[in-house]
Amino acid sequence: MNPQLITTTEAIDAVFFYILGISLLLFIGVTGTMVFFVVKYHRKRHPEPTSDVQKHLGLEITWTIVPTLIALSMFWYGWQGYIHLSTVPENAMEVDVTGRMWSWSFEYENGKTSDRLYVPVNTPVKVDIHSTDVLHSFYIPAFRVKKDAVPGMTTYVWFTAPDIGSYDIFCAEYCGVGHSSMITTVEVLTRDEFREWYEKEPAAESRGRDILSRNGCLGCHSLDGSSGIGPTFQGLYGSSRTVLIDGEEQTVTADEDYLRRSILEPNAELVKGFQPMMPSYEGKIPEEDMEAIISFMQEISEEEGLRGGPESAGQEETAKPEETAQPGEDEDSKEQEEEQKQEEDVDVEALLQEKGCTGCHSLDGTRMVGPTFKGLFGKETTILRNGEEITLTADADYIKRSIQQPQAEVVKGYPPVMPPSSDLSEEQMEAIVRFLEALK
Ligand code: CUA
């Protein structure tokens with residue numbers, strides 16, 4: 001087998017079908033012979049027991065050697081496949097992938113980084129696999145490659161993508177609560193498109209974002225205010241935070257020092273309502289990256305402050321204080337609002353979690369078993385009612401109906417698997433509706 005000539009998919013599929021074919025032959029052969037003997041030697045035809053057959057050396061040798069050869073041929077063919085997967089073509093492009101709880105990030109030879117794997121079509125690509133924390137497994141079903149990401153060790157896979165398109169990448173090793181969010185894609189581009197993408201300098205303002213993405217921060221912290229495993233970064237800078245220091249609640253301002261402390265010693269000051277699960281980034285983020293992160297945080301929070309004013313004017317108590325807060329506004333009232341907001345949010349989120357809603361509906365736009373909650377409120381939604389497609393606006397009534405009788409109107413493209421929740425109080429329903437409204 002010449003690795004230059006066939007892809008990993010072709011190599012694996014050939015072995016798979018070879019073994020499947022032999023298994024089918026054996027299955028049919030054994031079952032067929034059995035049925036044949038049952039009929040042929042049925043008691044009706046042979047009322048007397050057959051004579052005691054003595055040994056037949058030739059036959060015994062045959063049925064020992066033939067299966068041995070078949071088993072060895074499967075081994076040999078499989079071994080060839082393994083060699084093929086392990087032998088990287090010489091002209092392969094190299095990309096580093098780092099798995100961490102809970103995201104993948106890619107780094108190319110020219111230093112460019114991304115959270116999807118971009119590759120040119122018909123080009124062998126070698127992916128060097130690293131892990132910063134626990135075992136993960138880098139898995140691209142379309143190219144039949146899967147390899148563990150092991151902390152302290154570099155593993156690799158290679159593949160050639162024969163067709164342009166987008167293919168799933170999964171983590172195939174259970175690695176904690178965020179395991180299922182370790183999903184990204186291989187984007188296979190034409191060579192020209194790839195070169196253009198590869199050579200494009202990242203815009204200056206996206207550098208901070210790149211660093212966050214590369215270090216896996218965005219797996220847990222959103223940029224759009226939606227809740228994740230950790231607090232959102234939106235409006236974080238300059239806001240006041242209620243944190244737990246040695247188990248005691250204190251209010252601190254999220255300034256530059258606070259951000260540095262949170263990155264280097266995340267669990268020393270834990271934001272109230274969140275779990276202490278962030279790893280320390282001590283020694284992992286160079287000073288210039290740290291500065292880029294901090295100025296990025298400043299930027300996105302300033303933008304929020306400017307944008308928030310007029311937009312949120314019409315909203316009621318659901319408006320986020322970070323958005324309404326103007327520079328120079330009274331610290332105390334800001335703090336109160338902040339606390340009030342946190343309490344409200346935490347309640348509904350805890351409720352959604354307790355009732356299992358967030359197991360199927362994401363809050364950040366990710367598609368899961370059910371539609372995401374983000375942007376749901378007020379959206380045009382196509383549903384099936386009695387088998388007929390109907391387009392309606394997701395208003396408060398619709399949301400309440402969907403909770404109480406989820407099967408009556410199933411959103412198009414989703415399976416009808418949600419159980420009805422009838423044990424929610426009217427206040428809880430209202431709170432959920434308000435929460436979804438705010439999650440636009
Ligand atoms: Cu990483 Cu599962």
Side-chain angles (χ1 to χ4, degrees), residues 8 12 85-86 94-108 113-119 125-159 161 166-188 209-223 226-233 263 266-267 274-285 353 356-370 372:
T8 48
I12 294 293
L85 288 190
S86 312
E94 282 201 53
V95 184
D96 279 285
V97 61
T98 301
R100 63 174 65 73
M101 297 152 119
W102 289 279
S103 64
W104 298 109
S105 54
F106 301 91
E107 183 165 358
Y108 299 79
T113 59
S114 64
D115 45 20
R116 290 168 195 271
L117 175 55
Y118 291 90
V119 299
V125 178
K126 180 186 183 217
V127 186
D128 291 308
I129 306 164
H130 314 270
S131 167
T132 57
D133 38 44
V134 298
L135 282 180
H136 302 275
S137 181
F138 182 75
Y139 180 30
I140 316 178
F143 305 131
R144 316 287 191 262
V145 291
K146 171 155 70 173
K147 193 63 84 67
D148 277 1
V150 186
M153 186 175 158
T154 301
T155 52
Y156 68 91
V157 294
W158 77 271
F159 64 88
S166 179
Y167 306 89
D168 289 324
I169 296 177
F170 299 115
C171 175
E173 182 78 59
Y174 182 68
C175 55
V177 290
H179 163 68
S180 60
S181 62
M182 289 187 73
I183 298 178
T184 183
T185 51
V186 189
E187 300 293 333
V188 182
R209 194 190 180 285
D210 277 351
I211 295 169
L212 292 175
S213 152
R214 190 176 349 132
N215 286 289
C217 315
L218 304 180
C220 296
H221 302 275
S222 79
L223 295 175
S226 61
S227 173
I229 291 160
T232 181
F233 286 153
I263 294 170
N267 299 326
F274 290 91
Q275 296 296 314
M277 47 201 336
M278 176 169 156
S280 165
Y281 281 79
E282 182 94 60
K284 291 184 186 162
I285 301 193
Q353 194 144 20
C357 315
T358 46
C360 294
H361 303 276
S362 79
L363 299 176
D364 63 357
T366 317
R367 188 192 159 107
M368 293 166 79
V369 177
T372 180

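Everything numeric here is computed off the predicted structure, so don't read it as measured data. We count ligands from 1, going down the list as the structure has it; atoms in each ligand are counted the same way.
- Contact annotation: Ser137 places no N, O or S atom under 2.8 Å from atom 1 (Cu) of ligand 1.
- Among the atoms of Cys175, an N, O or S atom falls under 2.8 Å of atom 1 (Cu) of ligand 1.
- Screening Val95, Val97, Thr154, Thr98 against Ile129 for a side-chain contact (heavy atoms from CB on, under 4.5 Å) leaves a single residue, Val97.
- Counting backbone and side-chain atoms alike, His136 contributes no N/O/S atom closer than 2.8 Å to atom 2 (Cu) of ligand 1.
- Between Ile169 and Ile183 the shortest side-chain heavy-atom distance does not fall below 4.5 Å.
- Taking OH of Tyr174 as the reference point, atom CE of Met182 lies at 12.5 Å (rounded to 0.5 Å).
- Looking at His179 and atom 2 (Cu) of ligand 1 together, the shortest N, O or S contact belongs to ND1.
- For Glu173, the N, O or S atom with the smallest separation from atom 2 (Cu) of ligand 1 is O.
- When SD of Met182 and SG of Cys171 are joined through atom 1 (Cu) of ligand 1, the resulting angle is 110° to the nearest 10°.
- Using a 4.5 Å heavy-atom threshold, the side chains of Glu173 and Asp148 count as touching.
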Test log, rule side-chain contact (heavy atoms from CB on, under 4.5 Å), inputs Thr372 and Leu363: CA-CA 6 Å; Thr372 180; Leu363 299 176; 5.9 Å; no
